[in-house]
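Only one structure is covered here, and it is reproduced in the block below.
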Amino acid sequence: MPDRINIPHHVQNVLDTLNKTGHEAYVVGGCVRDSSMGRQPNDWDVCTSASPQETKECFSNHQTIDIGMKHGTVGVIFQMKDSGCIDCFDTYYDVVEITTYRIDGEYKDSRHPDDVQFTKRIEEDLARRDFTMNAIAYNPADGYVDPYGGQEDIEREEIKTVGNPEQRFEEDALRIMRGLRFAAQLGFQIEETTAEAMQRLADTVQKVSAERVQTELGKLVAGSFVDRVMAEHGGTLEIAVPGIRCVPVAHLPNIKTIRLAKLFPAEAEQHMRNLRMDRKTTAEVAALARLFAGKEPENKIAVKRRIRAEGLEIATLYMEALGRKKEIDEIVENNECCTVEQLDISGRDLIEMGIKDGREIGATLERMLDAVIEGRVENERGKLIDGKYL
Ligand code: ATP
Ligand code: MG
């Protein structure tokens, strides 16, 4: 563990501002875990002894947002200058979430604490956090506050709940998904009693809101160590997320829809809907799962048929999953005809030639496209209207 953590300037500023008015403040959670492992943190969270109202008063010269006043979270907005490259000085914003130390009330439904209570003791705040590695606070003046042995567990590469795992998962079953997700991202082992409790309570994940499960699943499948989780905790995951079949996916491109399509071989569309995936993701996963269940295209003609049937976007993802993206790139680069729109003849041309029936126009264009894809005729207007396909 490093003795010191490099805290970004604006986050240090938050700590100093709170300290100046007599409040305690620490960076906490994922940012401490990631920095102490030499990983780039996603975001910087601050916890403080100041009440939400006091926090807002401290940052009255900043724009703040009430992220969850009831839960004690205030977001402070910082305007950042990105001077990463000489020519671009894009402004962007960073929101630092500042949460008042709190004790979570009773959980009645494995979902949300019924009420929260603020506290002045950091140790109590750390006690409500899910895993020991996420229950470490730090500031440059006091160093680490680590009452649950989080640093030691990070060194041992172990994921372990703060306190009794069964009780912690009963309070909030999302923690089961979070544990699996962290294992997939960090490559840590899940400590034995924690893993056993996860398995025993896996079915309670179904009580958690689909959106929250979906977010964790997305991060899990993108993790570098996803296959290890599939192999070691597949049983748990298959109970937690109905429809998932835990197979290796790390060899596939790190694209969410591709990996999900491999993991949901049957009724993918319904399962994506149940997970409240957005429409595009749902459609992509459903199409890819169907394609994975079928035969691989044997030659260029078959590839073109996939483009025609599925559209370029899905066909490209599919070929990418097969490790054959080059073949599709070549077709695109050469602007080879795969769709009716790319034919050198249009419905309007056919109308001018006297074909009136809409259905016949469509069928004729499809016949022409068959011939072009199969290489029986060139995609040239003159050759297409020589009578053979009319
Ligand atoms: P990430 O790298 O994905 O941001 P993180 O650990 O920072 O991981 P967040 O969801 O940002 O995860 O949560 C911040 C902190 O809040 C966690 O580190 C943990 O201490 C606490 N936390 C988040 N979700 C829960 C939960 N469901 N139960 C208990 N503590 C939680
Ligand atoms: Mg975080």
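Just follow the structure's listing: the first ligand is 1, and inside any ligand the first atom is 1. What you see is a predicted model, and the numbers here were worked out from it, not measured in a lab. These numbers come from the heavy atoms of this one structure, side chains and all, not from hydrogens, waters or symmetry mates.
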Requested in this report: With Cys337 as reference, evaluate Ile373, Asp344, Leu369 under the side-chain contact (heavy atoms from CB on, under 4.5 Å) test and give the passing residue.
Outcome: Leu369

Please determine whether any non-hydrogen atom of [X] lies less than 4.0 Å from an atom of ligand 1.
X      : result
Lys219 : yes
Gln185 : no
Phe131 : no
Arg128 : yes

Query raised in the report: Any idea which part of Asn134 is under 4.0 Å from ligand 1, heavy-atom wise: side chain, backbone, both or neither?
Result: both

Query raised in the report: Side chain or backbone of Val28 under 4.0 Å from ligand 1, or both, or neither, by non-hydrogen atoms?
Result: neither

Query raised in the report: Have Glu330 and Asn334 got a donor and an acceptor in their side chains that come within less than 3.5 Å?
Result: no

Report task. Answer yes if the side chains of Tyr93 and Gln63 hold a donor-acceptor pair under 3.5 Å, and no otherwise. Result -> no

Query raised in the report: Between Arg308 and Asp370, is the closest basic N to carboxylate O distance under 4.0 Å?
Result: yes

Report task. With sequence neighbours excluded, give me every ring pair (Phe, Tyr, Trp, His ring centres under 6.0 Å) pair touching residues 124-155. Result -> Tyr138-Tyr144

Do you reckon [X] sits in the same ILVMFWY cluster as [Y], going by side-chain contacts under 4.5 Å, direct or chained?
X      : Y      : answer
Leu126 : Ile103 : no
Val247 : Leu275 : yes
Phe59  : Ile77  : no

Report task. Output all residues satisfying ring pair (Phe, Tyr, Trp, His ring centres under 6.0 Å) with Phe118, sequence neighbours left out; order by chain, then residue number. Result -> none

Within a distance under 4.0 Å of any heavy atom of [X], pick out the atoms of ligand 1 and give their elements.
X      : value
Asn42  : 1 (P), 2 (O), 3 (O), 4 (O)
Gly29  : 18 (O)
Arg181 : 1 (P), 3 (O), 8 (O)
Gly30  : 5 (P), 6 (O), 7 (O), 18 (O)

Side-chain donor-acceptor contacts of residues 252-265 below 3.5 Å, not counting sequence neighbours, with atom names and distances?
residue	atom	partner	partner atom	Å
Asn254	ND2	Ala222	O	3.0
Thr257	OG1	Glu284	OE1	2.9
Arg259	NE	Val249	O	3.3
Arg259	NE	Pro253	O	3.3
Arg259	NH1	Val221	O	2.6
Arg259	NH2	Ala250	O	3.4
Arg259	NH2	Leu252	O	3.0

Query raised in the report: Do you know how many protein N, O or S atoms are within a distance smaller than 2.8 Å of the Mg ion (ligand 2)?
Result: 1

**Report entry** Glu269 side chain vs Ala287 backbone, donor-acceptor pair below 3.5 Å
**Finding:** no

**Report entry** Shortest heavy-atom approach to atom 23 (C) of ligand 1 - which of Arg129, Arg178, Met177
**Finding:** Arg178

